[in-house]
Asker: 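Sending over a structure as structure tokens; questions will come in a sec.
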Amino acid sequence: MNYLDEHIVSLKAKLMDQTTANNGGLQSIPAQNQESEQNGSMSEQNKLFHIQNEHLALEPRTILDGEIGFYIPKSFSPMPVEQAAIKYPSEHRPQDIYTLAEGTINISFNPTDSFLEVDELSEFVEQMADVLRSVQPIRNWLGSEMFINHSGLSIGRIRFIAAGIDGNLYNELLLFIHKGRVVIGSFSCLEAELEAWLPVAEYWGQSLRVLMPSPYSANEKGMISR
């Protein structure tokens, strides 16, 4: 078994639990009390999306102790622990999960214990794509690719539509490396809502960036990239 094969084996369970939970949890979840984070202005990066007769403003969020920043709609809030335990019953559930009140559109992040060099990411993404094609109930494989986002972050993207409980679900996985460690991001929504929400998924991936240390939180003063 070579070096990358060992990482594939160690990540397989975590990745499969993440995507299987998405595909198995399409039904609406009763809304719970979810307090939004107190966030300040977006400054010059303010952007609105018009989705289903609503205007959604984006706001900055951070993960990994404020080291990685990104933008998602203000209407998304952290999924309550009780709800996350139902949707992702495995110990491999994502560390950070953001969702709409209905629970049908989710954005999550899962830092892993696997370490790679940046130049190994492309091969790793293709191997993960092969794993997903072999075990997921895929209705439409949309492909895998590498891209450099607006902040210069190298990201692997895997996209597919899989069968779910209440309908087909669009899955988009983003894999990138931070401090040598692989981080998996996931966006999921109903296929019927894909056209409306795809621009949000695209902006989310393009907005990912490494943040500089700051005495202020990203939510207070906006994100400061390196």
Side-chain angles (χ1 to χ4, degrees), residues 3-26 63 68 70 72 87-88 90 92-99 104-164 167-178 180-191 193-195 197-209:
Y3 181 69
L4 281 179
D5 287 339
E6 292 176 356
H7 286 287
I8 293 295
V9 171
S10 66
L11 277 179
K12 183 177 179 179
K14 181 173 289 190
L15 183 62
M16 295 312 304
D17 285 339
Q18 189 166 341
T19 54
T20 299
N22 287 341
N23 300 335
L26 286 172
I63 57 170
I68 297 292
F70 56 95
I72 59 174
K87 185 175 179 64
Y88 303 88
S90 168
H92 301 296
R93 74 175 60 93
Q95 178 175 300
D96 298 279
I97 309 169
Y98 299 89
T99 185
T104 55
I105 301 175
N106 302 292
I107 291 174
S108 66
F109 289 95
N110 212 359
T112 74
D113 296 324
S114 292
F115 290 81
L116 292 177
E117 298 295 331
V118 174
D119 59 7
E120 296 176 308
L121 183 60
S122 177
E123 181 182 351
F124 179 79
V125 168
E126 290 307 313
Q127 291 189 45
M128 295 307 296
D130 289 341
V131 169
L132 288 167
R133 278 196 295 263
S134 67
V135 297
Q136 283 290 307
I138 293 176
R139 295 294 179 85
N140 187 10
W141 181 258
L142 301 175
S144 60
E145 63 179 342
M146 293 294 301
F147 70 98
I148 306 296
N149 77 355
H150 291 162
S151 71
L153 189 64
S154 181
I155 301 175
R157 177 161 48 202
I158 302 173
R159 303 168 61 237
F160 60 93
I161 293 173
N168 293 335
L169 187 73
Y170 171 76
N171 293 270
E172 180 170 326
L173 300 178
L174 300 183
L175 295 90
F176 60 95
I177 296 175
H178 178 58
R181 184 168 62 166
V182 177
V183 181
I184 303 173
S186 171
F187 173 91
S188 62
C189 72
L190 289 165
E191 182 184 21
E193 299 178 319
L194 175 58
E195 183 176 356
W197 284 95
L198 191 58
V200 172
E202 175 66 21
Y203 196 85
W204 163 64
Q206 290 292 345
S207 72
L208 282 167
R209 65 196 62 214

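The first residue in the sequence is number 1, and the count goes up from there.
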Asker: Only pairs at least two apart or in different chains count here, so list each salt bridge (Lys or Arg N to Asp or Glu O under 4.0 Å) that has a residue in residues 142-158.
Answerer: Glu145-Arg157, Arg157-Glu172, Arg157-Glu202

Asker: Distance check, rounded to the nearest 0.5 Å: Phe160 atom CZ versus Leu142 atom CG?
Answerer: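 These two atoms lie 9.5 Å from each other.
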
Asker: Between CD1 of Ile158 and CG of Leu173, what distance do you get to the nearest 0.5 Å?
Answerer: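 That separation rounds to 5.5 Å.
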
Asker: If I compare all heavy atoms of Arg209 with all of Gln206, which pair ends up nearest, and what's the gap?
Answerer: NH2-O, 4.2 Å

Asker: I'd like to check Phe115 versus Val182 (side-chain heavy atoms, cut-off strictly below 4.5 Å). Are they in contact?
Answerer: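 No, every pair of side-chain atoms sits at 4.5 Å or beyond.
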
Asker: OG/Ser186 to CD1/Ile107 distance, rounded to the nearest 0.5 angstrom?
Answerer: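 Reported to 0.5 Å precision, the distance equals 9.0 Å.
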
Asker: Locate the shortest heavy-atom distance separating Met146 from Gly156; write the atom from each residue and the value.
Answerer: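 Where Met146 meets Gly156 most closely, the heavy atoms are SD-CA, 3.4 Å.
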
Asker: With the side chain counted from C-beta on, respond yes when Arg159 and Tyr170 share a heavy-atom pair under 4.5 Å apart, and no when they do not.
Answerer: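 Arg159 reaches Tyr170 side chain to side chain.
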
Asker: Quick one: closest heavy-atom pair of Ala162 and Asn171, and the distance?
Answerer: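 Between these two residues, the closest heavy atoms are CB-ND2, 4.1 Å.
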
Asker: Can you name the nearest heavy-atom pair linking Leu208 to Asn149, along with the distance?
Answerer: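 Result for this residue pair: O-ND2, 2.7 Å.
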
Asker: Please report the C-alpha distance between Thr112 and Ile184 in whole Å, then the side-chain angles of each, then the deciding distance to 0.1 Å, and finally whether the side-chain contact (heavy atoms from CB on, under 4.5 Å) criterion is met.
Answerer: CA-CA 7 Å; Thr112 74; Ile184 303 173; 4.0 Å; yes

Asker: Answer whether the closest heavy-atom distance between the side chains of Ser207 and His150 falls below 4.5 Å.
Answerer: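 Heavy-atom side-chain distance check fails, nothing below 4.5 Å.
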
Asker: Which value, rounded to the nearest 0.5 Å, describes the distance between Met128 atom CE and Ser144 atom OG?
Answerer: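 If we round to the nearest 0.5 Å, Met128:CE and Ser144:OG are 11.5 Å apart.
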
Asker: Hey, what do you get for CG (Leu116) to OG (Ser122), rounding to the nearest 0.5 Å?
Answerer: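 Spacing of CG (Leu116) from OG (Ser122) equals 11.5 Å.
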
Asker: Looking at side-chain heavy atoms only, is the closest gap between Phe147 and Leu174 below 4.5 Å?
Answerer: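 Yes. Closest side-chain heavy atoms under 4.5 Å.
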
Asker: Using a cut-off of 6.0 Å, state whether more than 12 heavy atoms not belonging to Arg133 lie near its atom CZ.
Answerer: yes

Asker: Can you give me the closest heavy-atom contact between Ile97 and Pro94, atom names plus distance?
Answerer: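 Smallest heavy-atom distance, with atoms named: CG1-CB, 3.8 Å.
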
Asker: Is there a donor-acceptor pair closer than 3.5 Å between any side-chain N or O of Thr99 and the backbone N or O of Ile105?
Answerer: yes

Asker: Once you round to the nearest 0.5 Å, how far does CG of Leu175 lie from CZ of Phe124?
Answerer: 6.0 Å

Asker: Over 60° means perpendicular and under 30° means parallel, so tell me whether Phe70 and Phe109 are parallel, tilted or perpendicular.
Answerer: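 Phe70 vs Phe109 ring planes: tilted.
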
Asker: Which pair of non-hydrogen atoms, one from Ile138 and one from Leu132, has the smallest distance, and what is that distance?
Answerer: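 In terms of heavy atoms, the two residues are closest at CD1-O, 3.6 Å.
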
